[in-house]
Engineer: 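Take this structure, written in structure tokens, and hold onto it; I'll ask about it next.
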Protein chains: 2
Amino acid sequence: MVVYAGQGDARRSMDLMWGHRGQDSRTAPGPKPALSVEAIVHAAIGVADDDGMGGLSMRAVGQRLGRTAMALYTYVPTKGDLVDLMYDRVLGELPTHYDVGFGWRGTVTSWAEDRLEFHLRHPWTLQVSQARPVLGPNEFAALETVAEILHRTDLGPRQLRGILGVVLHFVRGQAQTIAEAREAAMATGVSDEEWWYARSPLLAEVAPDFARRFPMAVRMEEEKPGPGEGEVYMESAISESFAVGLEVILDGIDATIAKAGRG
Amino acid sequence: MVVYAGQGDARRSMDLMWGHRGQDSRTAPGPKPALSVEAIVHAAIGVADDDGMGGLSMRAVGQRLGRTAMALYTYVPTKGDLVDLMYDRVLGELPTHYDVGFGWRGTVTSWAEDRLEFHLRHPWTLQVSQARPVLGPNEFAALETVAEILHRTDLGPRQLRGILGVVLHFVRGQAQTIAEAREAAMATGVSDEEWWYARSPLLAEVAPDFARRFPMAVRMEEEKPGPGEGEVYMESAISESFAVGLEVILDGIDATIAKAGRG
DNA sequence: AGAGTCTCTTTATGGTGTAAAGTGATGCCT
DNA sequence: AGGCATCACTTTACACCATAAAGAGACTCT
């Protein structure tokens, strides 16, 4: 379930996103609006946080506000626009300033951890398409923040864009793996361990020559960590791979800086 | 639209995936089956390639075979299982062997390019959840292939898993950005340029102090490449960022090897 | 008082996956 | 040969989805 940006009136979308309330026509006839875009976005975020993007329906949001689904269309042109507003709203939770006193490595690490936690707090954000960015104030603020951190490396915009892509895709991918595992567990009522223990013997049965056919794959599974404090089994492996992967990326940035300095 | 693995009977799913046709009971009463799992999977891949994951419905697949949607349920337990089978089927298109004569850097680059093209050929594969892997033969073969390439770096399984995560998430993320842009263009009939040129002036209008508020974001946009031969405007920027990002990752792997050698 | 305008509801349309029941063809057994 | 169990496949039905269109009622202006 990937959601696309508002395909309707570009002006209306932009006005909504940047909080342009339109004319101050407070003496308009008709009943006073009991709802507001703010309230709807807030309720919708609640629904999405609780039930995921799959549970986000206009009916569900309306119900949370004691209204019908159609009532929302007075405030918001389409569901797509609503999702855009939700996305930019929660992006506001991200820190916009980092203490760079400890160098860019530590700062990037902090940023990546914050961003990972953010996506896990609002897993549905991983389903918002990145192709046509939402163009909201908090989206730009988030971009500004990470750009500022990376700027300390003194690299040019070309390198910066490449590095940003690596870091962002890595964090999103890692978050997606964890989030999907959690959602699958919720939806099916089967934990990762149960799921795996149901399939593992079947795999051995159906592919008895597994170890011979896929020796590297078997090797890859070696030395996996056990679950840490309060951690789910599979997530401990992911958090290890997050730390290792981030270290690799940071080393890559270091090498890029060194090359740029020489060049 | 993220699709989860078959939540039904694990044994049936596995048998389907590994081609266990069950008993040879060819003298069963009733009409001969005119369809087959193979044919259904093939037709479904055709639908998904043409119309994306959003266009993949049991009705659409049935229609392509001159049947109703329900006819498919004779062969396949749920839509989720069908998607798993589709996924493992197309994974078979990936090369399973690479000439490592030119060193692991070139090999990883070739692999990444092949994988990117694969995802762009079948964009719906990006919507298949990675949390609970499909556990099909081609999935393992694909894992085996990349594991074998990375094995040349002489790193341990811990590092290998981290690096694999970085590379895979990067390629998938990059592919997703391109694929979503294409799908959005198809779905809305508005090209990326048209979309941007409709919003760019509105952004200036709605946020007149943009350059002051987001100086780094502006800087980040500098020195963007124009479209190359037969390339779409936005995709040229992405393919540049793919090359740069991959280089950063390869440098990071190099540094990791160097550290492991010292340690 | 009447008209116009607004919020919100009701109803309807065409889509989804799939459960349940029905149809008709086929091959085995008596 | 007749009966019947078994199969592939269709029909119908249900509970959802986004949203278009029209209606109900409240409010402020003239």
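Here is the naming used below: chain letters follow the sequence lines, and residue numbers restart at 1 for every chain.
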Engineer: Before you tell me yes or no, could you show the steps for B:Q130 and A:T177 under side-chain hydrogen bond (donor to acceptor under 3.5 Å, both in side chains), namely the whole-Å CA-CA distance, both residues' side-chain angles and the distance that decides it to 0.1 Å?
Structural biologist: CA-CA 6 Å; B:Q130 298 297 292; A:T177 308; over 6 Å; no
Engineer: Rounding to an integer number of Å, can you tell me how far A:L56 CG sits from D:dC16 C1'?
Structural biologist: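 Interatomic distance, CG of A:L56 to C1' of D:dC16: 14 Å.
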Engineer: Looking only at side-chain N and O atoms, does B:S57 come under 4.0 Å of OP1 or OP2 in C:dT16?
Structural biologist: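 Result: yes.
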Engineer: Looking only at side-chain atoms of A:R67, point me to the closest of D:dC9, C:dT7, C:dT9.
Structural biologist: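 When the side chain of A:R67 is considered, C:dT9 is the closest of D:dC9, C:dT7, C:dT9.
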Engineer: With sequence neighbours excluded, what pairs up with B:F242 under the ring-ring contact (aromatic ring centres under 6.0 Å, His included) test?
Structural biologist: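 Per chain and number, B:F242 pairs via ring-ring contact (aromatic ring centres under 6.0 Å, His included) with B:F170.
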Engineer: Are there over 12 heavy-atom neighbours, none belonging to B:Q63, within less than 6.0 Å of that residue's CD?
Structural biologist: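 12 or below, so no.
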Engineer: Below 3.5 Å between N/O atoms, which protein atoms pair up with nucleotides 28-30 of chain D? Just atom names and distances, please.
Structural biologist:
residue: D:dT28; atom: O3'; partner: A:T27; partner atom: O; Å: 3.3
residue: D:dC29; atom: OP1; partner: A:T27; partner atom: O; Å: 3.2

Engineer: Do the charged groups of A:R161 and B:E221 touch, with an N to O distance under 4.0 Å?
Structural biologist: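 Salt bridge between A:R161 and B:E221, a charged N being under 4.0 Å from a carboxylate O: no.
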Engineer: Could you run down the sub-3.5 Å N/O contacts of the protein with nucleotides 18-20 of chain C?
Structural biologist:
residue: C:dT18; atom: OP2; partner: B:Y73; partner atom: OH; Å: 2.5
residue: C:dT18; atom: OP2; partner: B:K79; partner atom: N; Å: 3.1
residue: C:dT18; atom: O5'; partner: B:Y73; partner atom: OH; Å: 3.3
residue: C:dT18; atom: O4; partner: B:R59; partner atom: NH2; Å: 3.4

Engineer: I need the full list of salt bridge (Lys or Arg N to Asp or Glu O under 4.0 Å) pairs touching residues 64-75 of chain B, with sequence neighbours left out, sorted by first then second residue.
Structural biologist: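 The answer is B:D50-B:R64.
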Engineer: Of all the nucleotides listed (C:dT7, D:dA8, D:dT10), which has the minimum atom distance to the side chain of B:P33?
Structural biologist: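 Side chain of B:P33 sits closest to D:dA8.
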Engineer: Taking the basic N atoms (NZ, or NE/NH1/NH2) and the acidic carboxylate oxygens, is any pair closer than 4.0 Å for A:R89 and A:E38?
Structural biologist: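 Counted as a salt bridge, because a side-chain N and a carboxylate O are separated by less than 4.0 Å.
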Engineer: Using whole Å, report how far OH of B:Y75 lies from P of D:dC7.
Structural biologist: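 After rounding, the reported distance stands at 13 Å.
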Engineer: Tell me what A:T74 touches on the nucleic acid: a base, only sugar-phosphate, or nothing, going by heavy atoms under 4.0 Å.
Structural biologist: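 If one applies the 4.0 Å heavy-atom cut-off, A:T74 turns out to touch a base.
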Engineer: Take atom CG of B:L72 and atom P of C:dT16, then tell me their distance rounded to the nearest Å.
Structural biologist: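 Interatomic distance, CG of B:L72 to P of C:dT16: 13 Å.
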Engineer: Among all residues two or more places apart in sequence or in another chain, which pass the ring-ring contact (aromatic ring centres under 6.0 Å, His included) test with B:F118?
Structural biologist: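 Checked B:F118 against ring-ring contact (aromatic ring centres under 6.0 Å, His included); matches are B:H122.
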Engineer: Looking only at heavy atoms, what is the nearest atom pair of B:L56 and B:K79, with distance?
Structural biologist: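 Smallest interatomic distance, heavy atoms only, reads O-NZ, 2.8 Å.
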Engineer: Any pair with a residue in residues 116-128 of chain B that passes salt bridge (Lys or Arg N to Asp or Glu O under 4.0 Å), sequence neighbours left out, goes on the list, sorted by first then second residue, please.
Structural biologist: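 For residues 116-128 of chain B, and leaving out neighbouring residues, the salt bridge (Lys or Arg N to Asp or Glu O under 4.0 Å) pairs sorted by first residue read B:E93-B:R121.
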Engineer: Can you tell me the distance, in whole Å, between the CG atom of B:L35 and the P atom of D:dC7?
Structural biologist: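 Taking atom P of D:dC7 as the reference, CG of B:L35 is at 17 Å.
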